[in-house]
Amino acid sequence: MKNKLSLKYVGFFLMLAILVLLPFVNDSRTLMILLTQIFIFGILAMSYDILLGYTGIVSFGHAMFFGIGAYTTSVMLKQMDNTLSIFILSIVVGILIAGFISFLVGLLTLRLKSHFFAMLTLAFSGLFLVVAEKWRSITYGNDGFTFRAPEIFRDRITFYFFVLACLVFIFIALYRFVNSPTGRILIAVRENEQRTKSLGYNTLHYKVIASVVAGTVASVAGALYAISLRFVNTSVMTMDITLDALLMTIIGGVGTLVGPLLGAAVIEYAQHTLSGLARDYPIFERWIIFFGILYILAVIFFPKGIIGSLRMMYWKWRLKLKEKDKTSVVQPQEKERFE
């Protein structure tokens with residue numbers, strides 16, 4: 001067990017060291033922007049994994065919290081001042097708003113089962129999308145608006161390190177959360193909610209906690225996404241954002257936290273590469289079709305996600321080694337018996 005933990009820590013710090021040193025080795029602006037987008041959507045995918053992977057909740061309204069974070073930061077920076085303190089304050093305000101909304105939505109929807117819950121979350125998300133479209137005095141509707149980012153973030157490398165720091169902090173916080181007693185109860189709810197209720201746990205209470213945690217983390221991702229573009233419009237609240245988070249979680253591996261990060265890297269890199277090929281090769285102009293094929297292949301060959309499938313292969317390999325060890329011990333005893 002200690003060896004496993006030490007290997008996890010070594011892998012974590014090794015990957016962190018690579019990401020920290022990378023800008024000093026390769027200062028490509030395109031690479032920095034791509035990695036920053038991967039980090040942002042990795043945070044969003046981890047927040048969705050709290051719902052899907054650890055609680056067994058399928059939500060179609062997760063983009064609502066992403067959009068709340070994006071609009072809160074954008075509006076405050078545009079109407080107040082584009083300083084770092086206002087930006088940090090906007091993240092806190094976005095977290096509070098997303099936490100309050102996710103708490104209310106959780107109380108209203110989490111009593112429902114499976115697809116009824118999913119449809120109602122989609123309805124709430126659609127309601128917030130309509131508000132964003134119609135409240136033109138603040139959101140400027142579908143046209144959106146630009147704003148100035150804090151002076152410190154005009155350097156892409158500085159922003160890269162800030163987003164990386166946010167990713168590491170959120171990853172550690174969520175890792176401690178899912179390994180806490182509350183996280184264990186969420187896993188029990190995912191596996192068998194009725195049995196968890198019979199043990200005396202108020203499952204609605206814990207599902208609302210998961211909803212609030214997921215919503216607040218998604219709002220942070222939305223704030224960082226808005227800063228990365230210096231622009232916001234109603235696209236941050238569309239179904240596409242939720243589907244991206246869902247695909248990243250499934251492709252990477254549900255219930256792992258590392259899986260959604262890997263899924264975000266795969267999807268963002270695939271989108272970047274395929275859209276880049278479209279400029280040179282006409283066959284890739286409909287790159288979304290190839291992206292769909294890639295997703296189908298990933299589901300076929302990695303049904304439990306990349307991390308889940310690798311874990312399964314690892315345990316099968318361990319079982320084979322144990323079986324070999326057993327046969328090597330039994331064979332000399334049988335040989336002595338026959339002699």
Are the side chain of [X] and the backbone of [Y] linked by a donor-acceptor contact shorter than 3.5 Å?
X: T73; Y: A70; value: no
X: T146; Y: F231; value: no
X: S59; Y: G61; value: yes
X: T249; Y: A245; value: yes
X: T196; Y: A188; value: yes
X: T216; Y: G99; value: no
X: R154; Y: E151; value: no
X: T72; Y: G69; value: no
X: K78; Y: F147; value: no
X: T139; Y: A132; value: yes

Using 0.5 Å steps for rounding, measure from the [atom1] atom of [X] to the [atom2] atom of [Y].
X: I97; Y: S102; atom1: CD1; atom2: OG; value: 11.5 Å
X: L35; Y: L164; atom1: CG; atom2: CG; value: 9.5 Å
X: I50; Y: I209; atom1: CD1; atom2: CD1; value: 12.0 Å
X: M46; Y: L167; atom1: CE; atom2: CG; value: 5.0 Å
X: M64; Y: T238; atom1: CE; atom2: OG1; value: 13.5 Å
X: I187; Y: T182; atom1: CD1; atom2: OG1; value: 11.0 Å

Is it the case that one hydrophobic cluster holds both [X] and [Y], taking links as side-chain heavy atoms less than 4.5 Å apart, direct or via other members?
X: V75; Y: W135; result: yes
X: F24; Y: L22; result: yes
X: I38; Y: L14; result: no
X: L96; Y: F128; result: no
X: V131; Y: F66; result: yes

For the residue pair [X] and [Y], what are the closest heavy atoms and their distance?
X: M32; Y: N26; result: CE-O, 3.8 Å
X: L19; Y: P23; result: O-CD, 3.4 Å
X: F41; Y: M248; result: CB-CE, 3.6 Å
X: G253; Y: T256; result: O-OG1, 2.7 Å
X: N233; Y: G144; result: CB-CA, 3.6 Å
X: L224; Y: F159; result: O-CZ, 3.5 Å

Answer yes or no: is there a side-chain heavy-atom contact under 4.5 Å between [X] and [Y]?
X: I170; Y: S47; result: no
X: V212; Y: V208; result: yes
X: M237; Y: S125; result: no
X: V254; Y: Y54; result: no
X: Q37; Y: H272; result: no
X: Y48; Y: V217; result: no
X: R156; Y: T36; result: no
X: D49; Y: V178; result: no

Should the pair [X] and [Y] be assigned to parallel (<30°), tilted (30 to 60°) or perpendicular (>60°) ring geometry?
X: Y71; Y: F145; value: tilted
X: F171; Y: F12; value: parallel
X: F65; Y: H62; value: perpendicular
X: F153; Y: F87; value: perpendicular

ring-ring contact (aromatic ring centres under 6.0 Å, His included) partners of residues 179-208, not counting sequence neighbours, each pair once: none
Under the ring-ring contact (aromatic ring centres under 6.0 Å, His included) definition, can you give me all pairs with a residue in residues 178-198, not counting sequence neighbours? none
Please report whether the ring centroid of F39 lies less than 6.0 Å from that of Y160.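 Here the rings of F39 and Y160 have centres that are less than 6.0 Å from each other.
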In sequence, state the C-alpha distance, the side-chain angles, and the governing distance for D240 and S235, and then conclude on side chain to side chain contact (heavy atoms under 4.5 Å, CB included). CA-CA 8 Å; D240 291 346; S235 65; over 6 Å; no
The test is side chain to side chain contact (heavy atoms under 4.5 Å, CB included); show your working for L120 and F60 and say whether it passes. CA-CA 8 Å; L120 195 53; F60 287 155; over 6 Å; no
CZ (F103) with more than 12 external heavy atoms under 6.0 Å: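 No, because the 6.0 Å sphere around CZ of F103 holds 12 heavy atoms or fewer from other groups.
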Taking atom types as modelled, find out whether E133 and T234 have a side-chain donor-acceptor pair closer than 3.5 angstrom. no
When you look at I250 and L52, which way does the side chain to side chain contact (heavy atoms under 4.5 Å, CB included) test go after all the steps? CA-CA 9 Å; I250 292 174; L52 179 63; 4.3 Å; yes
Yes or no on side chain to side chain contact (heavy atoms under 4.5 Å, CB included) for L186 and F177, after CA distance, side-chain angles and deciding distance? CA-CA 10 Å; L186 292 179; F177 173 72; 3.8 Å; yes
